[in-house]
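Below, chain A is the first sequence line, B the second, and so on; all start at residue 1.
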There are 2 protein chains.
Amino acid sequence: MDVKYKFIVTKIAEDISSGIYKETKKLPTVEELMEFYNVSRSTIRQAISTLVDRGLIYQVQGSGIFLRTNPEGCINLQYMRGLSGDFSKEKISTKVLELKVIKADKELAQKMKCKEDTEIYFIKRLRYIDDEEYMVEYSYYNKDIVPYLNIEITEKSIYSYINENLKLNIGFSDKVIYCEPLTAEHSELLKLKEGEGSLVIEDTVFLTNGLLFDTSKCIYNYKYAKILSLSNFK
Amino acid sequence: MDVKYKFIVTKIAEDISSGIYKETKKLPTVEELMEFYNVSRSTIRQAISTLVDRGLIYQVQGSGIFLRTNPEGCINLQYMRGLSGDFSKEKISTKVLELKVIKADKELAQKMKCKEDTEIYFIKRLRYIDDEEYMVEYSYYNKDIVPYLNIEITEKSIYSYINENLKLNIGFSDKVIYCEPLTAEHSELLKLKEGEGSLVIEDTVFLTNGLLFDTSKCIYNYKYAKILSLSNFK
DNA sequence: TCGCATTTGTACGTATGTATC
DNA sequence: GGATACATACGTACAAATGCG
């Protein structure tokens, strides 16, 4: 991390979560941050802008930089770090129900923007928070991009493996969120009743170069799952 | 709109939606845009950055600026313009079920971050898309900030009234999204069955200066409502 | 109410680094 | 390896909103 503004983003985010601004709910001025980090105005502004995008702070012209209050225990859409990022205090566990390589049929090929018969990792997981059934996840990874996955990796965080081991850079994602009645199978897995509602997120994830490498469908237990979206009007 | 980069944002967004880049799926280079708009590099970069945040485009270092495919008919979380913005082709209508001024009790005062007994506009609306029952909305506006509302305004877009008539600048919002069984009343309004799931968005909206002026709870018909979130990993 | 100091917003210019093709 | 194109970083000037006296 030798990029200055990214280092500053991480540092300020840590400072905020450590609570050192909780009295004033206000950050130092841009001028003060420039001096503290010994960088230019635009470098501080870029770091601040990133934190504004993540929903941690907001700026008021002529007044200062203020903290945004940030509910815990929600799936955060602005800054995705997987379940373990959103639930740092809770115990997370994962049961891998299925893990295999399949060949993309016409429908899957269209979804994954790849050719038919491309090899795809298919993973079905049941995930728990504090030992409660939290969600059922179906995910698909293009094997041309993610050449190897095993039970050990899929029991933990697939994303940190992709990031740290494969050195791939995740860029952006499209999420479609809706509500759907539970099927018999899912209601059993989540210990709910058939026909009750569930919260569903269909996710399509791209690398920074625009390549689609992952799609998934997650069916959440409506009793526990809350999504948080911290957005800006720009 | 005499701010250059905002003008350019609007222009490029129009160009994209008009389809002039649909062949190449690629924007002109930063250099070319600088020349075309006769502005500096940083002004173009700021405009492009805004469009990246809105999920319209993505940049690849060394390669160019590319279009992101953008599903229609969804509630867009990145760039909120109300129902009429998300459903430009459909017919939208609104039935105002209730409109009155109330005094904030302890619970509402906490939610609206105001003092108890502050006057609050309460509005209950049923909204239709193509004559189908789409959602029930309960909204609350702080009367100190939004001093006047009537049936005519609430039948149309409250936000455009706030923006254009009151000249208030909407800054950011927290949305909590979850799934909840329908009550008897809501199932009747939405023509669904009691106990079926519904998609719920609780929204807390702030002005650019950080003042909370609006909270709302929307209960969506799960058969029609889809939310789209176009996010970036930064 | 007015004016001034503070603080963020917009815009320009330049140089160098780094990924892609 | 070279050309192209985006990314990072520095610096400067002035505009606009806020807040205080």
Extract, from 5' to 3' on DNA chain D, the first and final nucleotides lying under 4.0 angstrom from some heavy atom of chain A.
-> D:dT8 to D:dG19
Of all residues at least two apart in sequence or in a different chain, which pass the side chain to side chain donor-acceptor pair (under 3.5 Å) check with A:N142?
-> none
Provide a list of protein-nucleic acid N or O atom pairs under 3.5 angstrom, restricted to nucleotides 11-14 of chain C.
unit_1 : atom_1 : unit_2 : atom_2 : d
C:dA11 : OP1    : B:K4   : N      : 2.4
C:dA11 : OP2    : B:Y5   : N      : 3.2
C:dC12 : OP1    : B:K4   : NZ     : 2.7
C:dC12 : OP2    : B:S40  : N      : 3.0
C:dC12 : OP2    : B:S40  : OG     : 2.9
C:dC12 : OP2    : B:T43  : OG1    : 2.4

Identify the residue among B:I120, B:I123, B:V205 that makes a side chain to side chain contact (heavy atoms under 4.5 Å, CB included) with B:S139.
-> B:I123
Taking atom C1' of C:dA19 as reference, at what distance in whole Å does atom CZ of B:F66 sit?
-> 12 Å
Nucleotide C:dG9, atom C1' - distance to NZ of A:K234 in whole Å = 13 Å
Side chains of A:R127 and A:T94, donor plus acceptor under 3.5 Å = yes
Under 4.0 Å: is that the gap between some side-chain N or O of A:R45 and OP1 or OP2 of C:dG9?
-> yes
Taken in chain and number order and not counting sequence neighbours, the residues that satisfy side chain to side chain donor-acceptor pair (under 3.5 Å) with A:S216 are none
By side chain to side chain donor-acceptor pair (under 3.5 Å) - contacts of B:T208 (at least two apart) = none
Those residues of residues 50-65 of chain B lying under 4.0 Å from DNA chain D by at least one heavy atom = B:Q59, B:V60, B:Q61, B:G62, B:S63, B:G64, B:I65
Of B:T208 and B:T29, whose closest DNA chain D nucleotide lies nearer the 5' terminus?
-> B:T29
